[in-house]
Structure formats: C-alpha cells, structure tokens
Amino acid sequence: MTSMSRARVARRIAAGAAYGGGGIGLAGAAAVGLLLAEVQLARRRVGIGTPDRVPNARGLYGGGTLPTAGEAPLRLMMLGDSTAAGQGVHRAGQTPGALLASGLAAVAEQPVELDSVAQPGACSDDLDRQVALVLSGSGRVPDVCVIMVGANDVTHRMPATRSVRHLSGAVRRLRTAGAEVVVGTCPDLGTIERVRQPLRWVARRTSRQLAAAQTIGVVEQGGRTVSLGDLLGPEFAKNPRELFGPDNYHPSAEGYSTAAMAVLPSVCAALGLWPAEEEHPDALRREGFLPVARAAAEAASEAGTEVAAAMPTGPRGPWALLKRRRRRRVAEAEPTSPSGV
C-alpha cells in the first residue's frame with residue numbers, strides 16, 4: 001500500500017472514530033481471524049517462556065541527581081498493554097518504563113518518579129480504566145504519560161474506529177488534566193517469526209493502517225506519536241534471536257532498549273528538554289511540515305518517526321511536524337527507591 005493510500009484509509013478511520021462510526025475495519029474479518037489463529041498457534045508451538053509476572057519497575061530513577069531546591073521529581077506514567085508493562089523480561093531495569101525513566105533523568109538532570117497502570121493483554125478500550133486510575137490518584141498529575149497500545153486491537157479484531165476513539169479519548173483526558181502525552185503506535189505484527197505469507201502481508205498492512213489512524217487521532221488531541229512499526233520490524237526481522245523474547249512474541253531486553261531509544265527523544269521534547277536546534281525540521285533527514293494524514297502514513301512505515309501538531313487547520317486539514325529524531329542509548333537501570341523490585 002502506498003503512502004497516499006494509507007493516508008486516505010487512516011483519514012477515513014480517524015473521521016469514523018471522531019464522528020461515531022464503527023464499521024470501518026482494517027482488513028477483511030476472515031483474514032484477520034486467520035492472523036489471530038496463526039499468532040496463537042505460534043505462541044503454543046513455542047511454549048511457555050515469557051514469565052507471567054511483569055517486573056515491578058515503579059520507583060525513583062536518577063536518585064543521585066540533585067534536584068533544584070523545592071523542585072519535585074518529574075513524574076512519568078506508563079499506560080497500555082504488555083509492551084508498555086515490559087512483559088517478557090526478568091528485571092525491572094529492562095522494562096521500557098525503567099529505561100525511559102533513567103534516560104529522562106539523565107537528560108533532565110533531575111530525578112524521575114516512574115509509575116505504571118499498563119496491563120498485559122489490554123486493548124485500547126482498557127485505556128478508559130487506566131486513565132481513570134491515573135487521574136484519581138492522590139498524587140499530582142504526571143508530567144508526561146507514555147502509551148503503548150494497538151497490537152491486541154489487531155489480534156482481537158477490534159474495529160479500527162473504536163480503537164482510535166478510545167485512544168483519542170484517553171489522550172484528550174490526559175492533556176486536559178495537564179500531562180504531556182507520547183504514544184508509541186501499533187507495532188508491525190508482520191514480523192512475528194512464525195506468521196507466514198500471505199498472513200504476514202495482512203498483519204503488516206493492518207498494523208500500519210492502525211498506526212497511521214492512531215497518529216491522526218492522537219495529534220488532533222494535542223499529543224505526539226512515535227512509530228513503533230519497526231519495533232517488530234526490520235531490526236527485529238534481522239535479529240529475531242536477540243530482539244524477541246523467549247516466546248518469540250514479546251520483545252527481549254535488547255528489543256525494549258531499541259524501543260525506548262526511539263521514544264526517549266520525543267518524551268524529552270514534549271517536556272522542552274531536547275536541544276532547541278533539534279526542534280527545527282532537517283531537510284536532509286526528510287523532516288518537515290505535512291498534512292497530518294500524510295505525516296501519519298509516512299511515520300507508520302519508519303520506526304522512531306515522531307508526529308506532532310504544528311499548525312492550525314488549513315485547506316487540506318490539520319498540519320503536523322514530522323521528525324526523525326536522533327536516538328540516544330539508554331542503559332538498564334534500577335530504581336533508587338525501595339518501591340521497585
């Protein structure tokens with residue numbers, strides 16, 4: 001599917017989500033049903049391997065960094081599915097939340113308090129519950145929320161309009177409360193090792209369509225997205241033994257590090273912590289201002305590509321800034337407070 005075709009499909013899905021439509025699917029129901037069966041069969045063939053217990057990474061990171069007098073630690077909240085929770089690794093410091101918290105603490109030069117309401121197996125309709133947990137707590141609103149969701153929407157055949165509607169609503173509620181929001185969009189399920197052609201093509205097409213539609217919905221609500229299409233994409237396809245975990249479905253520690261490196265620059269930029277010169281589009285990296293649907297379609301094809309709102313609505317609809325930010329290595333870290341394990 002071409003970038004322009006993907007943009008048109010994404011625009012229709014996002015419009016259906018915004019105006020209450022529910023019948024726009026990502027692909028034929030029969031094909032997606034076969035994809036679900038293939039994924040489940042693949043996981044049974046591999047057998048158990050991923051621990052059911054997700055490491056508890058909650059706690060304070062960058063505790064050795066001295067905050068400005070009277071300044072509270074930055075608050076980072078993780079929402080979404082098993083990818084956001086870090087299922088598939090054994091140590092807290094290997095989860096994406098811990099990696100992002102430690103990286104953010106290093107860039108901000110102040111401690112970061114990490115919390116999570118992410119739930120393995122969650123679809124986008126669970127974000128309503130997760131956001132309620134975030135906003136009902138006694139603590140202050142998080143400075144930044146990172147959401148990773150979408151893979152289970154595909155395998156559970158959730159209509160794309162419904163999926164995007166729930167995600168957009170979650171972003172709107174968090175932004176209204178004062179939190180910055182960065183969304184890692186649907187990963188590319190076409191690189192699950194045991195999914196064969198032609199279902200591999202269906203999985204890739206379906207994943208990218210949803211990722212593009214997610215981007216439109218998120219940007220229109222004031223959030224920004226980072227494409228995780230290649231979280232299970234070319235890097236994973238080339239190094240499946242290194243980047244997939246024991247079940248060949250969830251990422252390994254190295255895989256989560258790759259994802260965290262892609263998301264960290266956007267988290268820092270959302271908080272105004274990225275170098276000012278990096279905020280201008282670089283033509284040499286093919287960055288620039290585009291209609292949001294076109295930016296969303298391009299981002300869905302390349303991991304680590306950020307899309308954020310840039311301009312008021314014009315003749316061709318909302319515009320966005322597409323950025324291909326330079327990644328920064330994040331090292332595994334453990335929380336410095338006793339609340340994490």
Side-chain angles (χ1 to χ4, degrees), residues 60-79 84 96-116 131 134-135 139-148 170-185 215 218-228 259-283 285 287-290 292 295 299 304-312 318-331 333:
L60 189 70
Y61 291 77
T65 303
L66 295 177
T68 303
E71 188 175 37
L74 290 172
R75 289 199 69 208
L76 167 64
M77 180 69 69
M78 301 295 295
L79 302 90
L99 294 166
L100 287 171
S102 59
L104 178 58
V107 174
E109 298 184 340
Q110 71 181 92
V112 173
E113 180 186 349
L114 172 67
D115 202 352
S116 175
V131 171
V134 172
L135 299 182
R140 61 187 174 89
V141 173
D143 294 285
V144 60
C145 295
V146 174
I147 303 174
M148 296 180 178
V171 174
R172 180 172 60 253
R173 290 170 65 191
L174 291 170
R175 291 290 294 128
T176 299
E180 297 292 339
V181 182
V182 178
V183 175
T185 55
T215 295
V218 169
V219 170
E220 289 182 344
Q221 297 302 327
R224 63 182 73 201
T225 63
V226 179
S227 170
L228 296 185
M261 280 193 297
V263 174
L264 177 61
S266 297
V267 170
C268 294
L271 294 171
L273 299 172
W274 211 239
E277 60 272 17
E278 285 285 320
E279 296 308 298
H280 301 291
D282 186 342
R285 297 209 299 265
E287 299 176 345
F289 298 99
L290 297 169
V292 65
T305 305
E306 177 191 301
V307 180
M311 299 179 183
W319 283 65
L321 174 60
L322 184 145
K323 294 281 296 178
R324 294 177 171 87
R325 295 188 183 276
R326 295 184 177 90
R327 302 181 189 181
R328 291 192 177 183
R329 169 63 65 178
V330 287

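What you see is a predicted model, and the numbers here were worked out from it, not measured in a lab.
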> Looking at Gly304 and Val226, what are the two nearest heavy atoms and their distance?
Replying inline: CA-CG1, 3.8 Å
> Lys323 and side chain to side chain contact (heavy atoms under 4.5 Å, CB included): which partner among Arg224, His280, Glu287?
Replying inline: Glu287
>> Using every non-hydrogen atom in the two residues, find where Ala179 and Pro142 come nearest and quote the distance to one decimal.
In response: CB-O, 3.3 Å
>> Let's go through Glu180 and Arg175 carefully: what are the C-alpha distance in whole Å and the side-chain angles of both, what is the deciding distance for salt bridge (charged side-chain N to carboxylate O under 4.0 Å, His left out) to 0.1 Å, and is it a yes or a no?
In response: CA-CA 6 Å; Glu180 297 292 339; Arg175 291 290 294 128; 3.8 Å; yes
> Is there a side-chain contact between Val144 and Leu74 (heavy atoms, below 4.5 Å)?
Replying inline: no
> For Leu135 and Ala177, which heavy atoms make the closest approach, and how far apart are they?
Replying inline: CD2-CB, 3.7 Å
> Distance-only, no hydrogens or angles: does the Thr225 side chain make a donor-acceptor pair with backbone N or O of Thr185 under 3.5 Å?
Replying inline: no
> With a 4.5 Å heavy-atom cut-off, do Pro96 and Val263 have their side chains touching?
Replying inline: no
> Between Ala105 and Tyr61, what is the shortest heavy-atom contact and its length?
Replying inline: CB-O, 3.8 Å
>> Using every non-hydrogen atom in the two residues, find where Val219 and Ala308 come nearest and quote the distance to one decimal.
In response: CG1-C, 4.0 Å
> Closest approach of Ala270 and Val182, non-hydrogen atoms and distance?
Replying inline: CB-CG2, 4.2 Å
> Once you round to the nearest 0.5 Å, how far does CE of Met78 lie from CG of Asp115?
Replying inline: 11.0 Å
> Should Ile147 and Leu174 count as side-chain neighbours, where that means a heavy-atom distance under 4.5 Å?
Replying inline: yes
> Got a donor-acceptor contact below 3.5 angstrom from the Asp143 side chain to the Arg75 backbone?
Replying inline: yes
> Could you state the interatomic distance from CE (Met261) to CG (Leu100), rounded to the nearest 0.5 Å?
Replying inline: 11.5 Å
>> Taking the side chain as everything from C-beta on, heavy atoms only, tell me whether Leu104 gets closer than 4.5 Å to Leu273.
In response: yes
